[in-house]
Amino acid sequence: MKDILQKQLQNLLNCDLKSQFPLARSLNRKLKFFVGPTNSGKTYSAMQKLKQSNSGLYLAPLRLLALEGYEDLKSSNLEASLITGEEQIFDEDASHVCSTIEMIDFDLDVDLAIIDEVQMLDDDERGWAWVNAIIGCPAKQIVMTGSVNALDAVKKLAQYLNEDLEIVKFKRKNELHLMQKHTLLKELEPQTALIAFSRNDVLKLKQKLQKYHKVSVIYGNLSPEVRRDEARRFREKQSDILIATDAIAMGLNLPIKTILFTNHKKFDGISRRGINVNEIVQIAGRAGRYGHHEEGFIGATSRETLKHLHKEYVKPVKTIKPPFKVKISAQQLEGLSAHIKTKSLQKILKFFLDNMYFDGPFIASNIGSMLTTSKILDQKNNLKLEDKYMLSQAPVTVKSPIILQAYDAYIAAVIKNKVVRYKPSITLPKKAITQRDLLLVEDEVKKISLYLWLSYKFPKLFPDSVKASISRASFNSFIEKSLKLNLKDERENNNKKFSNKFPPRRRKRF
């Protein structure tokens, strides 16, 4: 009996990844890779092919891009559905689906699928989703779009799959120039984007510049709806300067003529380091949008940063190399739990990382966010392992007390099988005065995103998706208005007066 169990464990620990997607393996798929730099028309060309297909799927890296793809198809008189972690717009007659890549349905076969921004397969947190989509997407034809640094990776995956791969190369439609002299803030011209690498720096620059310019801002903590509105203002020339983090590096098509880096160092979650050539190229490519400008310019607001750009920009782009990271599946989780006799998500994830072997260019990997949430979940009694697995992937920002408190209450509701109504954690005032006040509302929007994500996974327990969506629209409107104001840069301890107007509600109200 012991030998049988040992053999079963060895079979479980040795995985041929492609065999996990039988429908894809049955379709005799053809792969295409539309490869080229930003502003080369590769995604546009892919979308034109999607519109011509009888049935299709667009897999986007961002909820914002999934929505834009959906609206593009609808404007071309195609019936379409939209599926993201937070919202679902189903059309029973839909021939096409636009989805965030994590929400792919591996049991829905279509004629053609687009996998956008395929270089994301190298991302530590989300790369597994691109790996799974490339291997398991059930479409007769797969069109991947991405940058040249993913070319070798795509070739290796096609070889592993033994599927035909056609490479279609795209060139940038206009020239991009690296400036020779740095640009002072007082010398900014319209249609310039300033790049900073933190929310705080973006808002500081905004406070400094809005005396002289109409400013739009984009950073990661903003919801997709607010980012879209800020981008619209810049696109429609309601603002002349855009201040953004590297959140603009993916998917936002804006009429930027010049991109100026305000710093060349960023904190990557581990250390503060100089930005590399891959990051510079991805961001800088947004300058000189075709159809708006004949050429684009890249520069900096200081000599030191410009010197760094000149040093890095001439380097070859770093190629993505295997092994490609693979996340534990629900089936593997249950199987390993039975064999090592534990319900601890942390222990199973560690065993998976240390012992799992994949046939092909893959390696077992744990997602940092899952490891963080697993510590919280393992402290809860009477929580099923399958629910731990699902909840560990929820969109949780552990730095936010509002979100952590909500997450704790939502876990308790799942354990008790108790219905949770959406209620806001804060009272919305007439306007924000400080950056801290704005951050509270931004976190509330993220809490709503968490609730909506759970409403998709546990619809009976989290039934207020409509109410939550309406509230999100109200909070987003507040943020959009606040971003036009001159917010003070104050810390929480200097904000007692306004905090009384902006009280957190009691925990029981989540």
Side-chain angles (χ1 to χ4, degrees), residues 16-36 41-61 65-66 68-70 72-74 76-84 88 90-121 127-146 150-170 324 326 329 359-362:
D16 181 8
L17 195 59
K18 61 177 177 287
S19 67
Q20 305 295 303
F21 304 98
L23 181 55
R25 301 287 75 76
S26 70
L27 292 177
N28 189 28
R29 304 187 315 168
K30 306 293 182 186
L31 307 179
K32 285 189 176 183
F33 184 25
F34 286 7
V35 58
K42 56 187 184 297
T43 303
Y44 173 82
S45 298
M47 288 300 293
Q48 295 306 111
K49 288 184 69 67
L50 184 66
K51 292 175 184 179
Q52 294 164 10
S53 65
N54 291 324
S55 60
L57 174 64
Y58 171 58
L59 296 173
L65 292 181
E68 288 184 354
Y70 169 77
D72 187 15
L73 293 178
K74 295 287 284 184
S76 298
N77 297 317
L78 289 169
E79 301 296 328
S81 293
L82 174 68
I83 302 173
T84 73
Q88 297 79 42
F90 289 109
D91 183 338
E92 293 183 0
D93 299 320
S95 56
H96 292 69
V97 177
C98 292
S99 165
T100 43
I101 196 160
E102 287 89 349
M103 300 300 293
I104 182 175
D105 184 349
F106 291 105
D107 295 317
L108 176 67
D109 60 301
V110 293
D111 289 332
L112 185 143
I114 296 174
I115 303 176
D116 204 5
E117 302 286 2
V118 76
Q119 72 275 1
M120 284 289 291
L121 64 86
W128 62 269
W130 274 263
V131 172
N132 283 356
I134 293 168
I135 294 170
C137 184
K140 297 178 183 68
Q141 186 176 168
I142 307 285
V143 178
M144 294 167 276
T145 70
L151 182 55
D152 285 351
V154 169
K155 286 180 179 178
K156 283 182 172 63
L157 288 172
Q159 184 179 9
Y160 162 74
L161 294 166
N162 195 27
E163 293 180 334
D164 293 336
L165 172 64
E166 179 185 350
I167 297 166
V168 183
K169 295 183 178 180
F170 288 75
F324 310 116
V326 178
S329 68
D359 180 32
F362 310 104

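Quick caveat, the model's predicted, so the values are computed rather than measured.
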Hey, could you give me the [atom1]/[atom2] distance between [X] and [Y], rounded to the nearest 0.5 Å?
| X | Y | atom1 | atom2 | result |
| --- | --- | --- | --- | --- |
| Thr43 | Ile114 | OG1 | CD1 | 8.0 Å |
| Leu50 | Leu73 | CG | CG | 5.5 Å |
| Lys169 | Phe33 | NZ | CZ | 10.5 Å |
| Gln52 | Ser76 | CD | OG | 10.5 Å |
| Leu82 | His96 | CG | NE2 | 14.5 Å |

State, with a plain yes or no, whether a side-chain heavy atom of [X] is found less than 4.5 Å away from one of [Y].
| X | Y | value |
| --- | --- | --- |
| Val168 | Val143 | no |
| Leu17 | Val131 | yes |
| Lys155 | Ile167 | yes |
| Trp128 | Glu102 | yes |
| Leu157 | Leu121 | yes |
| Ser53 | Val110 | no |
| Ile134 | Ile142 | no |
| Glu163 | Arg25 | yes |

Angle between ring planes, Phe362 versus Tyr160, binned at 30° and 60°: parallel, tilted or perpendicular? perpendicular

Apply side chain to side chain donor-acceptor pair (under 3.5 Å) to Lys30 and list each qualifying residue two or more places apart in sequence or on a separate chain. Asp164

Is the number of heavy atoms from other residues, nucleotides or ligands within 6.0 Å of CD (Gln48) greater than 12?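 Buried by this count: over 12 neighbours within 6.0 Å.
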
Any donor-acceptor N/O pair, [X] side chain to [Y] backbone, under 3.5 Å:
| X | Y | value |
| --- | --- | --- |
| Trp130 | Glu117 | yes |
| Ser55 | Ser95 | no |
| Ser81 | Asp91 | yes |
| Lys42 | Phe170 | no |

With Tyr58 via ring-ring contact (aromatic ring centres under 6.0 Å, His included) - residues at least two apart: none

Taking atom types as modelled, is there a side-chain donor on Thr145 or Asp116 under 3.5 Å from an acceptor on the other?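 A pair is found: one side chain offers a donor N or O, the other an acceptor, under 3.5 Å apart.
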
Distance-minimising heavy-atom pair for Arg29 and Ile135: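 Nearest pair, atom of Arg29 first, then Ile135: NH2-O, 3.5 Å.
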
